[in-house]
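Step one of this worksheet: look at the structure below.
For this chain, numbers begin at 1 and follow the sequence in order. Start at 1 and go down the list; that is how both ligands and their atoms are numbered.
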Amino acid sequence: MRKIILDVDTGSDDAVAIMAAILSPDIQLEAVCSVDGNKDIDKTTENTLRVVQLLGSDVPVYRGCRAPLVKFLCPDRLPRRGESKPIVKDGKVIQMHADYLDIPAAEIKEQPISAPEFYVQYLRQATEPVTIVAVGPLTNVAMALMMDGTVMDKIEEIVIMGGGYNITNVTPTAEFNIWHDPEAAQFIVHCGAKVTLVPLDATHAACITLDDCERFRKLGTVSGDFAAALCEQRIAVHDDSQPLAVPHAAAVHDALCIAYLIDPTVLKDVREVHCDIGFRDFSEGQTILDPRYYTEEKNCRFAFDGDRFKFVDILCDLFARDKKSGR
Ligand code: RIB
Ligand code: CA
């Protein structure tokens with residue numbers, strides 16, 4: 001069992017990742033931490049609580065940072081959410097990320113301390129290493145490691161959904177999670193821990209199709225049904241404004257990080273690279289990979305491809321384990 005802390009800005013694909021982590025027999029989910037990103041911190045926290053409640057899990061939820069470290073102090077660095085252009089389908093407004101997930105409002109409560117405080121307390125007392133899986137902006141993780149740099153040896157790996165080499169989304173040079181808090185990302189890629197980036201190059205290759213959603217529904221479980229609904233929503237947006245190479249398919253970015261923990265071969269063409277994060281102008285949020293063969297020290301691993309067939313099989317296996325029937 002691999003101990004993990006999952007850091008999310010729930011969001012539709014974050015929700016799939018949370019369910020996968022809760023259901024995996026290979027993962028001990030120690031905590032889920034919310035952060036400002038796709039939506040404001042109130043919404044990402046509420047959505048996280050809703051998913052944990054839906055699966056009947058008792059994993060603790062910690063509310064994280066309500067803004068990036070420094071970015072939005074700069075008037076010319078406009079605040080923007082990971083919004084997609086809303087589309088209307090069968091009379092319903094569809095977005096990549098709804099303000100609130102279409103599942104019952106949370107009755108369970110978040111924990112009384114903040115996510116960065118939790119990270120520091122947990123890591124100081126940890127007797128076994130833990131993997132941090134960050135699928136939103138890296139604000140919480142950077143804040144925690146700024147508060148206490150003595151806990152680095154407790155971190156087995158930091159797995160990040162973020163970045164892009166041949167593929168970007170929020171700007172021509174950047175992927176949203178990195179772009180939303182580039183200073184936090186630069187701090188983390190140079191923090192000295194083992195860092196694995198799961199970028200858009202991998203998440204777009206490991207896309208989920210409408211046929212895969214049918215497989216999820218056929219499982220007859222709450223998680224399978226909800227994952228199918230979330231992925232179908234994402235496919236509608238991709239088809240409308242961000243078509244992938246595979247028709248009627250969506251990247252479900254965050255869940256691929258969980259799949260990687262279960263079967264690392266779901267990521268392909270993983271290379272050690274020297275990566276810096278741009279802060280300024282056109283390079284803001286860019287994952288800048290040094291192509292020189294005599295490059296400086298390699299500071300992270302970067303997955304340039306992903307295996308969509310392995311990915312969907314892993315998700316089907318996980319959702320089939322859900323004891324809560326969707327019927
Ligand atoms: O760019 C994709 C990432 O941004 C995903 O984590 C998605 O949830 C959003 O946070
Ligand atoms: Ca996310």
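Within the listing of ligand 1, atoms 8 (O) sit less than 4.0 angstrom from a heavy atom of D14. Here is the list of ligand 1 atoms found below 4.0 Å of a heavy atom in D9: 8 (O), 10 (O). For ligand 1, the atoms sitting less than 4.0 Å from at least one non-hydrogen atom of M161 are 2 (C), 3 (C), 5 (C), 6 (O), numbered in the order shown with element in parentheses. Less than 4.0 angstrom separates some heavy atom of D13 from each of these atoms of ligand 1: 5 (C), 6 (O), 7 (C), 8 (O). Close contacts between ligand 1 and N169 involve ligand atoms 1 (O), 2 (C) [criterion: under 4.0 Å to a heavy atom].
The atom name of the N/O/S atom in D14 closest to the Ca ion (ligand 2) is OD2.
Considering every non-hydrogen atom in both L315 and A255, the closest pair reads CD2-CB, 4.3 Å.
For the residues V16, N177, L200, I178, the heavy atom positioned nearest atom 10 (O) of ligand 1 is part of N177.
When O of V135 and OD2 of D254 are joined through the Ca ion (ligand 2), the resulting angle is 90° to the nearest 10°.
Neither the backbone nor the side chain of T203 comes within 4.0 Å of ligand 1, counting heavy atoms alone. Within the 4.0 Å heavy-atom criterion, the part of D254 lying near ligand 1 is the side chain and not the backbone.
Using bins of under 30°, 30° to 60° and over 60° for the plane-to-plane angle, the ring pair Y62/F118 lands in the parallel bin. Using cut-offs of 30° and 60° for the angle between ring planes, the F319 and F216 rings count as perpendicular.
Scanning all protein heavy atoms for the shortest distance to atom 1 (O) of ligand 1 gives E175 OE2, 2.5 Å. Nearest to atom 9 (C) of ligand 1 among the protein's heavy atoms is N38 OD1, 3.2 Å.
For H253, no nitrogen or oxygen atom sits less than 3.5 Å from a nitrogen or oxygen atom of ligand 1, counting backbone and side chain alike. Residue contacts with ligand 1: V135 is placed with a nitrogen or oxygen under 3.5 Å of a nitrogen or oxygen of the ligand (distance criterion only).
Using a distance-only test at 3.5 Å, with no hydrogens or angles considered, no donor-acceptor pair links the side chain of D281 to the main chain of S283. At distances below 3.5 Å, not a single donor-acceptor pair connects side-chain atoms of N47 with backbone N or O atoms of G11. Looking only at distances, a side-chain donor or acceptor of K324 sits under 3.5 Å from a matching main-chain atom of L54.
The Ca ion (ligand 2) has an N, O or S atom of D9 under 3.0 Å away, backbone or side chain.
A side-chain donor-acceptor contact under 3.5 Å links T209 and D212. In summary, the side chains of E284 and T173 do not present any donor paired with an acceptor at a separation below 3.5 Å, with no hydrogens or angles considered.
Between atom CD of residue E110 and atom CG of residue L49 there is a gap of 6.5 Å, rounded to the nearest 0.5 Å.
Distances shorter than 4.0 angstrom occur between a heavy atom of H97 and an atom of ligand 1.
For the pairing with I160, the side chain to side chain contact (heavy atoms under 4.5 Å, CB included) check across V198, T196, T287, I188 returns one residue only, I188.
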